[in-house]
2 protein chains.
Amino acid sequence: MNKNKATIHDISKALGIDSSTVSRALNDSPRVSKKTKGKILKKAKELGYQRNSLASSLRTSKTQTIAVVLPRISRHFFARVIAGIEETAHKAGYNVIICQSLDNLEREKKIISTLISNRVDGIMISISMETTNYEHLEAYKKLDKPIVFFDRPCELPNCINVNIDNFQASFDATQHLISRGCKHIVHFSGSQKIELYRQRKAGYIAALEKNNIKINDHYIFESNLSEEDGIRAAKKILRLKNIDGLYSSNDTAAISAMKYFKSKRVRVPEDIAVVGFNNDPISAVIEPSLTTINQPALEIGKMASNLLFEQINNKTKTTKIQFRLLNSELIIRHSSKK
Amino acid sequence: MNKNKATIHDISKALGIDSSTVSRALNDSPRVSKKTKGKILKKAKELGYQRNSLASSLRTSKTQTIAVVLPRISRHFFARVIAGIEETAHKAGYNVIICQSLDNLEREKKIISTLISNRVDGIMISISMETTNYEHLEAYKKLDKPIVFFDRPCELPNCINVNIDNFQASFDATQHLISRGCKHIVHFSGSQKIELYRQRKAGYIAALEKNNIKINDHYIFESNLSEEDGIRAAKKILRLKNIDGLYSSNDTAAISAMKYFKSKRVRVPEDIAVVGFNNDPISAVIEPSLTTINQPALEIGKMASNLLFEQINNKTKTTKIQFRLLNSELIIRHSSKK
DNA sequence: ATTAAAAATACAATCGATTGTATTTTTAAA
DNA sequence: TTTAAAAATACAATCGATTGTATTTTTAAT
């Protein structure tokens, strides 16, 4: 039982051929004759040889590995983005490392530091809720390696962002509620430190303004959009008495609020119409089913990774911030059918 | 802008101290004086030094990295297992690589091959549906590195398995339906090539036998337990006319069947009581809510990774197959309340 | 058969960190 | 002050693969 992996030197010795030739043969270099290649490949298979990527990467300073960093993999949207990334990465011969920040800045920093140590060729990231400064990302950028942001926009210079048009999606969602006759619409928003939630809030406000509805600051709830936040906000809504519409920046909080309404015999959509964001699987199953915004997660993953590969290979250096916007879609279900 | 990362040699040159001393200082070796350590650490920070793990791992043949290989990260159960793994790994100073086989053997083989190339220190795997031979895993074992199986049992020699007692869980689920008065219980099973589904089927059969209920082969449906399979099976059930209970090896198929029943005005649980497996988030939201088996996913992840670390470090070699069984729990909801 | 060009292969340095051994410096006991 | 022991540091090989350069072998034209 050969406890230690075979190396090119083992092949080299076994055949009396220099290791440089072995290396070239294994990489199918034209500098090695067909006959020799045949011998080497045969012996390699015989010894169960498998390239040591550590050595190879150390020498070439290419790891053929990219990383995705995101809050949590269990969210449907992110799982789909990963699926898209893995699809293109697989075709391009890249390995993908998946990392969860759990929306915690310290963890995100630690992750980036590890990725630097491991010299990954590129990073795609949806930044954590707590990320407001970008030093850790700049450290990676300094190595002249590309970062692509997705989902949550980030204004780091010379980087590409792949997102949906959050302003427009929010505008459409709000307009939809207004069209259904809602006059007093609450908005569940996330932290205003985060560009994403600023954009969504702006879309909500713009739609109200367009329809000459007065903006009421008390109708805008800022939170982490967790289940608990949803319940807390739902209570406040009922206290306000006159609310007839709710547009939430995610499905989690929307659904949690809907459950609370149900428990208090407040009818959705008759009393309060609800629109969420993300199209989580649960949104189609809950009763009434939830009207929500679907993001083309698979496409986002594919586009983000393709843009990353372009930068890694062609050295298409971006000299300014780029925003690539993909179309989202309002999925109208029962929660907003007045 | 220093495009290239600083190395220990840069620090060495800058201070006129040998690189071996620099290396030892950075690893806090007692062989370096405090004074020198101070100088080196200061300069390291100044130059933005970060260890090149590739070089380090190549030399030490330890990557401080473990891998989890599983069908898909988007499944709630697996996402929780990963959370458990990451928690212990983080504490132990290990990095975690997450890989999806998508229940495809070819992908799984490719993944293992990549993990061998990348010399990860250990692997935890829930094998794909298609995995019936283990050559690819044996190749990894030959390197004298540990594998821990979780979720889906696997009888590779000298490996540890971390699972729930699938036989018992199935027995309990079936017994529960029988106690509620069900006489004609259908079982949705997965491929019988897979030990996991054999065990679950055995538990179902044992419960029937215990209650002197005749086993009817027509009541056992083998499939991939997808949504489509659920609908297909639900149609067959209605054709059988007399079915009053359904025990499914996963929630996906159970829920899909329930939806079909609903569309045909067959009542759950009054006409047919349903029990699923996995406690997917949707199972709590669907109406009626689904009785199902909850696995301690977080615990499974923690235990599996801890056992892996033990083997990596203490060299606790297992000389036979070990099975660690954790307790699962039947969560009784409305779908089985007759 | 001679020879220049082309093809195939060998030599040797390198990537960055680690580590056993050797050497120098410091400490402290005689 | 000498000297042995201990502490600190330097030297040099190594992990496995890659790659520019040098050398040898083959091919083909004269």
Side-chain angles (χ1 to χ4, degrees), chain A residues 2-41 43-44 47-65 114 116-121 143-144, chain B residues 2-41 43-44 47-65 114 116-121 143-144:
Chain A
N2 38 334
K3 186 177 149 177
N4 293 317
K5 258 330 252 178
T7 71
I8 52 171
H9 303 290
D10 297 325
I11 299 174
S12 161
K13 266 180 223 153
L15 297 173
I17 295 173
D18 190 81
S19 60
S20 63
T21 302
V22 173
S23 171
R24 288 193 168 94
L26 293 170
N27 285 305
D28 203 23
S29 153
R31 279 177 58 175
V32 180
S33 70
K34 276 216 176 117
K35 205 174 123 198
T36 310
K37 271 183 194 168
K39 274 194 280 185
I40 290 174
L41 257 44
K43 182 59 80 178
L47 297 178
Y49 171 83
Q50 248 170 312
R51 167 192 280 106
N52 184 326
S53 309
L54 300 170
S56 175
S57 298
L58 175 59
R59 182 62 229 261
T60 61
S61 48
K62 287 239 164 233
T63 53
Q64 289 292 308
T65 301
T114 304
I116 291 177
S117 278
N118 285 296
R119 304 294 195 264
V120 297
D121 295 341
L143 304 176
D144 209 31
Chain B
N2 38 336
K3 186 176 151 177
N4 294 316
K5 257 331 253 180
T7 71
I8 51 169
H9 303 291
D10 297 324
I11 299 175
S12 163
K13 267 181 222 152
L15 296 173
I17 295 174
D18 190 79
S19 59
S20 64
T21 302
V22 174
S23 171
R24 288 193 167 95
L26 294 170
N27 287 304
D28 203 23
S29 155
R31 280 178 56 176
V32 180
S33 69
K34 277 217 177 116
K35 206 174 120 196
T36 311
K37 270 183 196 168
K39 274 196 278 185
I40 291 173
L41 257 44
K43 181 60 80 180
L47 297 178
Y49 171 83
Q50 246 170 313
R51 165 191 281 107
N52 184 327
S53 310
L54 299 170
S56 175
S57 298
L58 175 59
R59 183 61 229 264
T60 60
S61 46
K62 287 242 164 229
T63 52
Q64 290 292 307
T65 300
T114 304
I116 291 177
S117 279
N118 284 297
R119 305 293 195 265
V120 297
D121 295 340
L143 304 178
D144 207 30

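Per chain, numbering begins at 1; letters A, B, ... match sequence-line order.
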*Asks:* Given pairs defined as Watson-Crick or G-U wobble with both distances under 3.5 Å, what dot-bracket annotation applies to DNA chain D, with ( ) intrastrand, [ ] crossing, | other strand and . unpaired?
*Replies:* ||||||||||||||||||||||||||||||
*Asks:* Hey, which of these two, A:Ser33 or B:Asp18, hits DNA chain C nearer its 5' end, going by closest nucleotide?
*Replies:* A:Ser33
*Asks:* Verify the contact: side-chain N or O of A:Asn27 to OP1 or OP2 of D:dA17, cut-off strictly under 4.0 Å; return yes or no.
*Replies:* no
*Asks:* So, using side-chain hydrogen bond (donor to acceptor under 3.5 Å, both in side chains) as the criterion, who are the partners of B:Lys37 when residues are at least two apart?
*Replies:* B:Asp28
*Asks:* Please identify each residue that fulfils side-chain hydrogen bond (donor to acceptor under 3.5 Å, both in side chains) with A:Ser57, with sequence neighbours left out.
*Replies:* none
*Asks:* Just N and O in the side chain of B:Ser57: are any of them under 4.0 Å from OP1 or OP2 of C:dA17?
*Replies:* no
*Asks:* Which residues pass the salt bridge (Lys or Arg N to Asp or Glu O under 4.0 Å) test with B:Lys39, sequence neighbours left out?
*Replies:* none
*Asks:* Applying a 4.0 Å non-hydrogen cut-off, can you work out what B:Val32 is touching in the nucleic acid: base, sugar-phosphate, or nothing?
*Replies:* sugar-phosphate
*Asks:* The criterion is side-chain contact (heavy atoms from CB on, under 4.5 Å); which residues satisfy it with B:Arg51, sequence neighbours excluded?
*Replies:* B:Asn27, B:Tyr49, B:Ser56
*Asks:* Does B:Ser20 have a side-chain nitrogen or oxygen under 4.0 Å from the phosphate oxygens OP1 or OP2 of C:dT19?
*Replies:* no
*Asks:* Does A:Ser19 place a side-chain N or O at less than 4.0 Å from the phosphate oxygens OP1/OP2 of D:dT18?
*Replies:* no
*Asks:* At under 4.0 Å between heavy atoms, what does B:Thr36 touch on the DNA or RNA strands: base, sugar-phosphate, or nothing?
*Replies:* sugar-phosphate
*Asks:* Supply the atom-to-atom distance A:Asn118 CG to A:Thr63 OG1, rounded to the nearest 0.5 angstrom.
*Replies:* 8.5 Å
*Asks:* List, with names and distances, any nitrogen or oxygen atoms from the protein found under 3.5 Å away from nitrogen or oxygen atoms belonging to nucleotides 14-16 of chain C.
*Replies:*
| residue | atom | partner | partner atom | Å |
| --- | --- | --- | --- | --- |
| C:dT14 | O2 | A:Arg59 | NE | 3.4 |
| C:dT14 | O2 | A:Arg59 | NH1 | 3.0 |
| C:dG16 | N2 | B:Ala55 | O | 3.2 |

*Asks:* Rounded to the nearest 0.5 Å, what's the gap from NZ on A:Lys5 to CG on B:Asp144? Could you check?
*Replies:* 13.0 Å
*Asks:* For A:Ser23 and D:dT18, is the shortest distance between a side-chain N/O and OP1 or OP2 below 4.0 Å?
*Replies:* yes
*Asks:* With rounding to the nearest 0.5 Å, note down the distance linking CD1 in A:Ile40 to CD1 in A:Ile11.
*Replies:* 7.5 Å
*Asks:* How close or far is atom P of D:dA17 from atom CG of A:Asp28, stated in whole angstroms?
*Replies:* 17 Å
*Asks:* Look at all strands and tell whether B:Ile17 reaches a base, only sugar-phosphate, or nothing, counting heavy atoms closer than 4.0 Å.
*Replies:* sugar-phosphate
*Asks:* Applying side-chain hydrogen bond (donor to acceptor under 3.5 Å, both in side chains), can you list everything that pairs with B:Gln50, at least two apart in sequence or on another chain?
*Replies:* A:Ser113
*Asks:* For every nucleotide of nucleotides 21-26 of chain D, 5' to 3': is a protein heavy atom under 4.0 Å from its base (B), only from its sugar-phosphate (S), or from neither (-)?
*Replies:* BB----
*Asks:* In chain order, what residues pass the side-chain contact (heavy atoms from CB on, under 4.5 Å) check against A:Asn52, with sequence neighbours excluded?
*Replies:* A:Leu54, A:Ala55, B:Leu58, B:Arg119
*Asks:* Would you tabulate the side-chain donor-acceptor contacts of residues 18-25 of chain B under 3.5 Å, counting partners in other chains and residues two or more places apart, or write 'none'?
*Replies:*
| residue | atom | partner | partner atom | Å |
| --- | --- | --- | --- | --- |
| B:Asp18 | OD2 | B:Ser20 | N | 2.9 |
| B:Asp18 | OD2 | B:Ser20 | OG | 2.7 |

*Asks:* Please report, rounded to the nearest Å, how far the C1' atom of D:dA10 is from the NZ atom of B:Lys13.
*Replies:* 17 Å
*Asks:* Kindly write out the residues that satisfy side-chain hydrogen bond (donor to acceptor under 3.5 Å, both in side chains) with B:Ser33, not counting sequence neighbours, or none if the list is empty.
*Replies:* B:Thr36
*Asks:* Can you check the B:Gln64 CD to C:dA17 C1' distance for me, whole Å?
*Replies:* 15 Å
